[in-house]
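So the structure is just underneath, and the comments pick up after that.
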Amino acid sequence: MAAEDLIVGLDIGTTKVCVVIGQYGESGQLEIVGVGTTPSRGLRRGVVINIETTVRSIANAVEAAEMMSGREVHSVYTGIAGGHIEGINSRGVVAVTGKGREISREDVDRVIDAAKAIVIPMDREVLHVIPQEFIVDAQGGIKNPIGMVGVRLEAEVHIITGAVSSAQNIVKCVNRAGFKVNDIALEPLASSKAVLSQDEKELGVLLIDLGGGTTDVLVHLEGAPYHTEVLSVGGDQVTNDLSIMLKTPLETAEKIKKEAGCCYAALVQEQEEVRVPGVGGRPPRSVRRAELCEIIQPRMAEILGMVREQIQRKGYLGLLGGGVVLTGGGSLLAGASELAAEIFNLPARVGYPARLGGLVEEYYNPVFATGVGLVLYGAAKRETGYVDTSSSENTFSSVWDRMRNWFKEFF
Ligand SMILES: Nc1ncnc2c1ncn2[C@@H]1O[C@H](COP(=O)(O)OP(=O)(O)OP(=O)(O)O)[C@@H](O)[C@H]1O
Ligand SMILES: [Mg+2]
């Protein structure tokens, strides 16, 4: 089978780099045939700060996924996150010019261009332009206006921008590791493809991807994104707190957090105890699990509280009929969904990637939400006929050029 049959997601996270290889099976169904993960050491708060170590992590993760799948990777869909990401809502208006005032693809292109015509600083680039709704002669709520008759066409869109240099560094790392970048997608947008149902997106849902270095927030209303934010805080802070309070190295603190940590006191029995290895020749000691919770819960509550404050300020809190979905490694912390339910006063669940075909099971874990989502993102683009013919030399420009292909991307 040719390499073009593969769709590879490469999630370059702050704590791990993961590769998910998707392939169309004989029945035409998308299957996951390989995953590979390596620790990531070249990022800080979601942004590449060390090219060399990141290149090495990418190469190792791809190699592991290649070994599992027995396939060779040439190109990838990768993600972007970090505090530099911004999402804004914009609106464009045009007059319908075609014969019989029937709305054509060109009218839709023009109205999206009009909505996109916002001033963005030189050091930022548009990553995504996602139509929320079209309005034809004051009739709103239209998802696809082509073929309708009208005089005035309006579009409401969500525009996501990011720092040019951050995107360039990601492309550079991937290219140096020997792979071509087909496209870069916002990480929580990819995660939402993997873990959210269409119903949730229609009802209004808050996705929180709790990573190691960042907490990514994405609000979907009526099927489209309305609010994007990347907070530069994450699970690493929780580990840090534990390390300081328990006077134990970060690695031990991380292990204790994963094995015994909890961020919701009501789930912990008063008498439960956890063994903490001693450092510097000191003997191991016991710590009450409730004590761990006293360290972890305030930090998690602070992070989720920051998200809540933003969502409330923007007026979205009352519109989330689909509740809250947590994903990313931090969502595996015991008590995460219980704490979120309390803080947002909404139903909350942990989002696992949707089951795809294939025999590989490892991807069925919130840690792989972005990686699997990138495969789904790539698949959606391929199925709608978008073909990237660029070579690695001009990958970067092709990534931005594809903005013209927004239409194929979202219908
Ligand atoms: N079982 C677990 N219990 C508690 N926390 C966990 C568990 N597994 C992973 N984590 C935490 O999740 C975080 C890593 O999550 P994830 O792999 O989604 O981050 P990342 O994608 O590498 O980082 P980012 O998205 O911030 O760049 C770490 O802080 C880790 O401690
Ligand atoms: Mg992540």
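Counting convention: from 1, in listed order, for ligands and their atoms alike. Just so it is clear, the structure is predicted and the values come from calculations on it, not from any experiment.
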Using the side-chain contact (heavy atoms from CB on, under 4.5 Å) definition, which of the options I160, V157, D113 pairs with V129?
V157
Please tabulate, one line per pair, the protein N or O atoms found under 3.5 Å from any N or O atom of ligand 1, giving the distance to one decimal.
from	atom 1	to	atom 2	distance (Å)
ligand 1	10 (N)	G329	O	3.3
ligand 1	12 (O)	G330	N	3.1
ligand 1	15 (O)	G329	N	3.3
ligand 1	17 (O)	K16	NZ	2.8
ligand 1	18 (O)	G329	N	2.8
ligand 1	19 (O)	T15	OG1	3.3
ligand 1	19 (O)	G212	N	3.1
ligand 1	21 (O)	K16	NZ	3.0
ligand 1	22 (O)	T14	N	3.3
ligand 1	22 (O)	T15	N	2.8
ligand 1	22 (O)	T15	OG1	2.6
ligand 1	22 (O)	K16	N	3.1
ligand 1	23 (O)	T14	N	3.2
ligand 1	23 (O)	G212	N	3.1
ligand 1	26 (O)	G212	N	3.1
ligand 1	26 (O)	G213	N	2.8
ligand 1	26 (O)	T214	N	2.8
ligand 1	26 (O)	T214	OG1	3.1
ligand 1	27 (O)	T14	N	2.8
ligand 1	27 (O)	T14	OG1	2.6
ligand 1	29 (O)	K257	NZ	3.2
ligand 1	31 (O)	E254	OE1	3.1
ligand 1	31 (O)	E254	OE2	2.5
ligand 1	31 (O)	K257	NZ	2.7

Is S90 reaching over with its side chain to a backbone N or O of A115, donor-acceptor style, under 3.5 angstrom?
yes
Inter- and intrachain pairs under side-chain hydrogen bond (donor to acceptor under 3.5 Å, both in side chains), touching residues 32-46, at least two apart:
none
Output all residues satisfying salt bridge (Lys or Arg N to Asp or Glu O under 4.0 Å) with E309, sequence neighbours left out; order by chain, then residue number.
none
Contacts of type side-chain contact (heavy atoms from CB on, under 4.5 Å), residue V62, not counting sequence neighbours:
V19, I58, E66, V73, F179
Has the side chain of T215 got a donor or acceptor atom that lies under 3.5 Å from a matching backbone atom of V233?
yes
